[in-house]
Amino acid sequence: MKENYFDTLKVRLFQAVDNVNRCADEKDCNRNHVNYGSATSIARVMVDFGHDVDLPVWDDGGFLRIPKIVIDGKVWIDYEKNQSNQNKSEFIRVCQSKSE
């Protein structure tokens with residue numbers, strides 16, 4: 001992975017979004033909402049750096065879900081297409097390889 005702050009933020013965003021959706025699966029409302037706050041904060045910093053970040057969100061019975069991550073018009077992760085049970089390290093590996 002390229003060693004710059006934007007790439008670091010991108011990985012942190014991927015982790016935060018993964019945590020949002022995982023906590024929704026686990027029905028952990030407090031952590032779900034906290035992780036959503038983290039994801040949107042990271043996305044805002046990326047926007048401040050001049051990038052276009054789209055994090056659509058929907059309510060799933062009181063739990064927030066983020067179906068995909070779009071940065072500068074590129075879909076990085078699409079949870080709707082990737083419904084398999086990827087573990088976190090595999091998820092991060094895929095994200096990092098896409099940013100290289």
Side-chain angles (χ1 to χ4, degrees):
M1 185 174 118
K2 296 175 188 166
E3 291 297 323
N4 66 48
Y5 191 60
F6 182 72
D7 286 334
T8 299
L9 284 174
K10 202 178 321 180
V11 170
R12 288 182 182 166
L13 177 65
F14 298 155
Q15 291 170 327
V17 170
D18 186 52
N19 287 336
V20 168
N21 293 329
R22 184 181 44 77
C23 289
D25 290 340
E26 295 171 0
K27 305 296 185 206
D28 187 341
C29 189
N30 290 335
R31 286 185 179 89
N32 173 252
H33 289 173
V34 167
N35 283 297
Y36 177 72
S38 177
T40 57
S41 296
I42 294 166
R44 180 61 204 182
V45 171
M46 295 168 84
V47 168
D48 289 346
F49 276 129
H51 295 273
D52 181 33
V53 180
D54 184 20
L55 286 179
V57 64
W58 59 281
D59 184 292
D60 181 16
F63 299 94
L64 302 173
R65 291 195 183 269
I66 299 173
K68 63 183 169 181
I69 302 169
V70 182
I71 302 171
D72 294 329
K74 178 179 178 182
V75 177
W76 285 82
I77 302 294
D78 190 338
Y79 289 94
E80 294 174 332
K81 290 183 180 179
N82 299 324
Q83 290 296 323
S84 63
N85 293 325
Q86 287 182 321
N87 65 36
K88 193 170 189 175
S89 62
E90 174 65 12
F91 174 80
I92 298 303
R93 185 193 63 74
V94 168
C95 295
Q96 288 175 337
S97 69
K98 286 186 177 186
S99 68
E100 294 177 339

Same apolar cluster: Ile66 and Val34, side chain cutoff 4.5 Å
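Looking at the clustering, Val34 is in a separate group from Ile66.
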Shared hydrophobic cluster, Tyr36 / Ile77 (ILVMFWY, side-chain heavy atoms < 4.5 Å)
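Yes, because Tyr36 and Ile77 connect within a single hydrophobic cluster, where side-chain heavy atoms sit under 4.5 Å apart.
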Interatomic spacing from CG in Asp28 to NE2 in His33 - rounded to 0.5 Å
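Interatomic distance, Asp28 CG to His33 NE2, rounded to 0.5 Å: 10.0 Å.
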Got a second to check how far Ile42's CD1 is from Thr8's OG1, nearest 0.5 Å?
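Those atoms lie 11.0 Å apart.
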Would you say that [X] contacts [Y] through its side chain, given a criterion of any heavy-atom pair below 4.5 Å between the two side chains?
X	Y	result
Val57	Thr40	no
Asn32	Val20	yes
Leu55	Val17	yes

So, for [X] and [Y], which heavy atoms are closest and what is the spacing to 0.1 Å?
X	Y	answer
Leu64	Ala24	O-CB, 3.7 Å
Asn35	Cys23	ND2-SG, 3.8 Å
Ser38	Ala16	OG-CB, 4.0 Å

Residue pair Phe6, Ile71: steps toward the side chain to side chain contact (heavy atoms under 4.5 Å, CB included) verdict:
CA-CA 11 Å; Phe6 182 72; Ile71 302 171; 3.9 Å; yes
Qualifying salt bridge (charged side-chain N to carboxylate O under 4.0 Å, His left out) pairs, either residue in residues 35-44, two or more places apart
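The answer is Arg44-Asp48.
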Does the plane of the ring in Phe49 sit parallel, tilted or perpendicular to the ring in Tyr5? Use 30° and 60° as the thresholds.
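Correct class here is perpendicular.
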Report yes or no: does Asp52 contribute a side-chain atom to a donor-acceptor pair with the main-chain N or O of Gly73 at less than 3.5 Å?
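Between the backbone of Gly73 and the side chain of Asp52 there is no qualifying donor-acceptor contact (under 3.5 Å).
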For a side chain to side chain contact (heavy atoms under 4.5 Å, CB included) check, start with the C-alpha distance between Asp25 and Arg65, then their side-chain angles and the critical distance, and finish with the verdict.
CA-CA 9 Å; Asp25 290 340; Arg65 291 195 183 269; 2.8 Å; yes
With the threshold set at 4.0 Å, does a side-chain nitrogen-carboxylate oxygen contact exist between Lys10 and Asp7?
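Salt bridge present between Lys10 and Asp7.
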